[in-house]
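Please read the structure below before turning to the comments.
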Amino acid sequence: MSLKVWIIAGEPSGDRLGAALMAGLKTLATDVRFEGVGGAEMSAQGLQSRFPMEELSIMGLTEVLPRLPGLLARVKECADAVAQTAPDVLITIDSPDFCLRVASKVKSRLPGLKTVHYVAPSVWAWREHRAEKMARSIDHVLALLPFEPLYMERAGMTCDFVGHPVTTEPLATPTEVAAFRDAYGVENAPLMLVLPGSRRSEVTRLGTPFGEALRRVCAKHPDLRVVVPTVAGVASAVQDAVRNWPGSPIVLDPRDVPRDIAARDKRAAFAAADTALAASGTVSLELAATKTAMVIAYDMNWISRQIIARKLKIDTVTLVNLVTESRVIPEFLGAECQPKAIADALLTLIDDPQARKTQAEMAELAMKRLGRGGEAPGLRAARSVLNQISAF
């Protein structure tokens, strides 16, 4: 089967999803050609990105507004390119503010083109109308969470739960963990992962409260070492943020080493860590995959905070809590993202084995419900896409 695919991802998590989907399509189809926008992982699967994906990796109303003219120009550029290419399918991955604008423009020009969006909008959390609006330009949705197809189908789209890719990502071996500890001189030290986000705006905003929380924790646990995995697009911002942090931070900068070594070190860090402090997002599932006890914290500018607070329909945004229908992961969002509260929660995890055990049990349940043990999500997603093209 020969296939022309236009595919767009706008941030690192979408880049990983796109790469797995591309690999799945290459497994199932004899000849696949890709065009679009993506990052390093999609490039490794054969995509030549039209422009750097990092241009799209921004979040928050006040962060987006100054760059809106440039983003809209990129929307037009992508839509024009799709129309000229006339692919078999347009696949957009997350980043709805950008991707769905492209899909809408494309549908108006190529109404017969099959459009697939990967990652259902979280209409179960806020802004229910997004699903109905999305249905005007999207035919099919690939969902990461098992309860999402119902919401998409109600809005008029078809939808398949394809599983979450975190369930099949490789875990570090004991040998890799030991080598990591030895390489960074932390053989016996307690380790805390700190993950302040994959967007520059997140790192800038969370750097100070995270650092102040760590100062309180390290005052009671002076032997604690801090490890900060990051991605290339925000590595320089992370290096700036940690300069005044305690715990002699070790920044895992993927720019400094080959790609496979960077991936290995990140795996080992997640497996070696005793606890973690992380920004809200997919990273909570990455931590759950290694049963790392965590605290989630997140903040945004005042305007965005007020708008979201009025529209939020749920009492937790942490995916482990949602998938397991529990509230075992402490989270501090918006006005509650305060150093003392964050530090107190981290100290509880460090000092209370039962708290860590409870989180580990819920992490295991989350992985099971997200598809661990079944077919790889990238392959399931690819199969879903091909089924849609054949049925269209």
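Position 1 is the first residue of the sequence; numbering continues from there.
- Within the 3.5 Å criterion, the main-chain N or O of S201 finds no donor-acceptor partner in the side chain of T204.
- Side-chain atoms of W245 never come within 3.5 Å of backbone atoms of R215 as a donor-acceptor pair (strictly under, hydrogens ignored).
- Between atom CG of residue L21 and atom CZ of residue R16 there is a gap of 15.0 Å, rounded to the nearest 0.5 Å.
- No donor-acceptor distance shorter than 3.5 angstrom exists from the side chain of D15 to the backbone of A9, with no hydrogens or angles considered.
- In this pair, Y151 and F147 present their aromatic rings perpendicular. The plane angle is above 60°, beyond the 30 to 60° band.
- Between the side chain of T167 and the backbone N or O of G163 there is no donor-acceptor pair closer than 3.5 Å.
- With a 4.5 Å cut-off on side-chain heavy atoms, F180 and V227 count as touching.
- Side chains of L17 and L144 form a contact here, defined as non-hydrogen atoms less than 4.5 Å apart.
- Formation of a donor-acceptor pair under 3.5 Å by the S104 side chain with backbone atoms of L100 is not found in this model.
- When atom types are taken as modelled, the side chain of N387 and the backbone of R383 share a donor-acceptor pair closer than 3.5 angstrom.
- A salt bridge does not link D344 with R216: every distance from a Lys NZ or Arg NE/NH1/NH2 to an Asp or Glu carboxylate oxygen is 4.0 Å or more.
- The closest donor-acceptor contact from the side chain of T318 to the backbone of I329 lies at 3.5 Å or more, if one exists at all.
- Remark: the backbone N or O of L191 is not paired with any side-chain donor or acceptor of R225 at under 3.5 angstrom.
- Remark: side-chain polar atoms of K107 are paired, donor with acceptor, to backbone N or O of L113 under 3.5 angstrom.
- For Y298 and E202, the side-chain atoms include at least one donor-acceptor pair closer than 3.5 Å.
- The closest side-chain donor-acceptor pair between K26 and Q45 falls under 3.5 angstrom.
- Between the side chains of D94 and H117, no donor-acceptor pair of N or O atoms lies under 3.5 Å.
- Of all the heavy atoms in E148 and A143, the pair that sits closest is OE1-CB, 3.5 Å.
- Under the 4.0 Å criterion applied to side-chain N and carboxylate O atoms, E169 and R372 are not assigned as salt-bridge partners.
- Note on D80 versus R109: salt bridge recorded, some NZ/NE/NH1/NH2 to OD/OE distance being below 4.0 Å.
- Counting non-hydrogen atoms of other residues, nucleotides and ligands closer than 6.0 Å to CG of D352 gives a total above 12.
- For the side chain to side chain donor-acceptor pair (under 3.5 Å) with R369, the qualifying choice from E325, E364, H164 is E325, the only one to do so.
- For the pair K4 and D31, the salt-bridge criterion is not met [side-chain N within less than 4.0 Å of a carboxylate O].
- The neighbour count for E361 CD, taken as heavy atoms of other residues, nucleotides or ligands under 6.0 Å away, is above 12.
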Going through the distances and angles, do Q354 and T358 end up as a side-chain hydrogen bond (donor to acceptor under 3.5 Å, both in side chains)?
CA-CA 6 Å; Q354 183 57 47; T358 300; 3.3 Å; yes
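- There is no path of hydrophobic side-chain contacts, each under 4.5 Å, that joins L193 to V177.
- Atom OG of S137 is separated from atom NZ of K105 by 12.0 Å, given to the nearest 0.5 angstrom.
- No side-chain N or O of H140 forms a donor-acceptor pair with one of T115 less than 3.5 Å apart.
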Does the pair I138 and T92 meet the rule for a side-chain contact (heavy atoms from CB on, under 4.5 Å), with working shown?
CA-CA 9 Å; I138 296 297; T92 54; 4.1 Å; yes
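- Under 4.0 Å is where a charged nitrogen must lie from a carboxylate oxygen, and between E176 and R264 no such pair does.
- At least one donor-acceptor pair closer than 3.5 Å links the side chain of R101 to the backbone N or O of D97.
- Side-chain contact, T292 with T290: a donor N or O sits under 3.5 Å from an acceptor N or O.
- A cation-pi arrangement is found for R74 relative to F51, the charged atom lying closer than 6.0 Å to the ring centre and inside a 45° cone about the ring normal.
- Counted by atom type alone, T316 and E331 present one or more donor-acceptor pairs between their side chains at under 3.5 Å.
- The hydrophobic cluster containing F161 does not contain V119, counting ILVMFWY residues as joined when their side-chain heavy atoms lie under 4.5 angstrom apart, directly or transitively.
- Side-chain contact of T208 with E212: a donor-acceptor pair under 3.5 Å is absent, judged by distance alone.
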